[in-house]
Undergrad: 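Take a look at the following structure, please.
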Amino acid sequence: MRETVLLFNIKDKKRAQELQMICMSLRIRVRLIKKEEYFQTVGVLAGMKEASETDRIYEGEELADEMMVFAGVTGSHLDQILFMMRKKGMKRTDYKAVLTDTNSQWTVPELFKELEKEHAAMHQS
């Protein structure tokens with residue numbers, strides 16, 4: 001699978017362009033995922049050949065925040081992306097995930113809900 005960064009709910013067009021430029025400089029494909037696609041599994045959105053598409057169209061609420069999924073991105077490229085985001089002074093994205101065998105089977109809302117739980121657990125005092 002080709003290195004791909006999936007971007008969800010990026011409302012600021014300038015921010016989306018900056019993220020795309022960072023990834024393009026590393027030859028990493030970027031996909032801006034539309035809300036209507038949220039019932040597809042993350043694996044389908046990442047381009048996994050063995051993943052099965054659905055005909056369902058998502059009409060629910062938008063995600064509560066931005067989300068990024070790194071599919072097939074090497075560790076060094078992931079580090080470079082995050083470093084370049086910090087260097088440019090870009091707003092932090094709290095909901096980030098690396099594509100795994102498990103989460104590749106989840107829909108976008110399912111993955112976001114899991115990341116919300118993890119984020120809350122990491123930040124409770």
Side-chain angles (χ1 to χ4, degrees):
M1 176 178 42
R2 184 172 171 204
E3 287 183 294
T4 304
V5 175
L6 305 176
L7 301 176
F8 304 85
N9 193 25
I10 310 291
K11 293 177 182 156
D12 181 344
K13 288 185 182 190
K14 182 177 184 236
R15 178 173 168 73
Q17 288 175 335
E18 288 177 335
L19 288 166
Q20 287 176 307
M21 293 302 289
I22 288 170
C23 292
M24 284 174 40
S25 73
L26 298 169
R27 295 186 174 7
I28 297 171
R29 180 174 79 139
V30 175
R31 282 209 54 217
L32 293 165
I33 306 300
K34 297 176 188 147
K35 184 176 96 164
E36 296 78 31
E37 298 178 87
Y38 287 4
F39 275 143
Q40 297 296 337
T41 64
V42 180
V44 166
L45 297 172
M48 292 177 71
K49 289 179 175 62
E50 61 276 6
S52 303
E53 289 191 38
T54 182
D55 292 333
R56 293 176 64 200
I57 304 292
Y58 181 81
E59 296 176 356
E61 295 289 317
E62 180 57 87
L63 301 177
D65 205 344
E66 297 177 350
M67 182 171 70
M68 298 174 73
V69 176
F70 302 93
V73 176
T74 64
S76 64
H77 276 166
L78 178 57
D79 291 343
Q80 286 178 294
I81 292 167
L82 298 176
F83 172 78
M84 291 165 81
M85 287 175 69
R86 280 191 305 274
K87 186 176 176 184
K88 287 183 171 277
M90 295 176 71
K91 178 184 145 245
R92 177 187 168 105
T93 301
D94 290 328
Y95 302 100
K96 296 184 285 292
V98 172
L99 186 70
T100 65
D101 288 339
T102 300
N103 67 23
S104 70
Q105 305 300 311
W106 297 347
T107 65
V108 173
E110 290 170 334
L111 176 57
F112 189 79
K113 190 173 285 189
E114 182 63 27
L115 291 177
E116 278 184 317
K117 287 182 205 171
E118 291 176 10
H119 185 72
M122 286 176 37
H123 290 88
Q124 70 187 46
S125 320

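Along the sequence shown, residues are numbered consecutively beginning with 1.
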Undergrad: For Tyr95 and Phe112, take the angle between the two ring planes, folded into 0 to 90°, and tell me which bin it lands in: parallel under 30, tilted 30 to 60, perpendicular over 60.
TA: tilted

Undergrad: Is there a path of hydrophobic side-chain contacts, each under 4.5 Å between heavy atoms, that joins Ile33 and Phe39?
TA: yes

Undergrad: Any chance you could measure Met21, atom CE, to Glu18, atom CD, to the nearest 0.5 Å?
TA: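 The CD atom of Glu18 is 10.0 Å from CE of Met21, to the nearest 0.5 Å.
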
Undergrad: Can you list the residues that meet the side-chain hydrogen bond (donor to acceptor under 3.5 Å, both in side chains) rule with Thr4, with sequence neighbours excluded?
TA: Arg29

Undergrad: Other than Met84, which residues form its hydrophobic cluster under the rule that side-chain heavy atoms must be closer than 4.5 Å?
TA: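 Noted: Met84 shares its cluster with Val5, Leu7, Ile10, Leu19, Ile22, Leu26, Ile28, Val30, Leu32, Met68, Phe70, Val73, Leu78, Ile81, Leu82, Phe83, Met85, Met90, Val98.
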
Undergrad: Might you work through the side chain to side chain contact (heavy atoms under 4.5 Å, CB included) test for Val108 and Phe8, ending with a clear yes or no?
TA: CA-CA 9 Å; Val108 173; Phe8 304 85; 3.5 Å; yes

Undergrad: Check the surroundings of atom NZ in Lys91: do more than 12 heavy atoms from other residues, nucleotides or ligands lie under 6.0 Å from it?
TA: yes

Undergrad: Would you please test Arg92 and Asp94 for side chain to side chain contact (heavy atoms under 4.5 Å, CB included) and show each step?
TA: CA-CA 6 Å; Arg92 177 187 168 105; Asp94 290 328; 2.9 Å; yes

Undergrad: Could I get the full list of side chain to side chain contact (heavy atoms under 4.5 Å, CB included) partners for Ser52, not counting sequence neighbours?
TA: none

Undergrad: Please evaluate residues Tyr38 and Asn9 with respect to the criterion side chain to side chain contact (heavy atoms under 4.5 Å, CB included), reporting the C-alpha separation (whole Å), side-chain torsions for both, the decisive distance (0.1 Å), and the verdict.
TA: CA-CA 11 Å; Tyr38 287 4; Asn9 193 25; 4.2 Å; yes

Undergrad: Tell me every residue that passes side-chain hydrogen bond (donor to acceptor under 3.5 Å, both in side chains) with Ser25, counting only those two or more places apart in sequence or in another chain.
TA: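 Per chain and number, Ser25 pairs via side-chain hydrogen bond (donor to acceptor under 3.5 Å, both in side chains) with no residue.
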
Undergrad: What closest approach, in Å, do Ala46 and Leu6 show between heavy atoms, and which atom pair accounts for it?
TA: N-CD1, 4.0 Å

Undergrad: Closer than 4.0 angstrom, basic N to acidic O: yes or no for Glu66 and Arg15?
TA: yes

Undergrad: Tell me if a side-chain donor or acceptor on His123 pairs with a main-chain N or O of His119 at a distance below 3.5 Å.
TA: yes

Undergrad: List in chain and number order the residues that pass side-chain hydrogen bond (donor to acceptor under 3.5 Å, both in side chains) with Gln40, two or more places apart in sequence or in another chain; answer none if no residue qualifies.
TA: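 None.
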
Undergrad: Would you give the length of the straight line joining atom CG of Leu115 to atom CG of Leu111, rounded to the nearest 0.5 angstrom?
TA: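 Answer for the CG-CG pair, Leu115 versus Leu111, is 4.5 Å.
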
Undergrad: Write down the atom of Lys35, the atom of Gly60, and the distance for their closest heavy-atom approach.
TA: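 Looks like NZ-O, 3.0 Å.
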
Undergrad: Set out, in order, the CA-CA distance, both residues' side-chain angles and the distance that settles side chain to side chain contact (heavy atoms under 4.5 Å, CB included) for Glu114 and Lys117, then state yes or no.
TA: CA-CA 5 Å; Glu114 182 63 27; Lys117 287 182 205 171; 4.1 Å; yes

Undergrad: Using every non-hydrogen atom in the two residues, find where Thr41 and Ser104 come nearest and quote the distance to one decimal.
TA: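 Distance-wise, the nearest heavy atoms are CB-O, 3.3 Å.
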
Undergrad: If I compare all heavy atoms of Gly72 with all of Glu3, which pair ends up nearest, and what's the gap?
TA: O-CG, 3.0 Å

Undergrad: Could I get the full list of side-chain hydrogen bond (donor to acceptor under 3.5 Å, both in side chains) partners for Glu110, not counting sequence neighbours?
TA: Thr107

Undergrad: How far does CD of Glu37 sit from CD of Glu53, to the nearest 0.5 angstrom?
TA: 9.0 Å

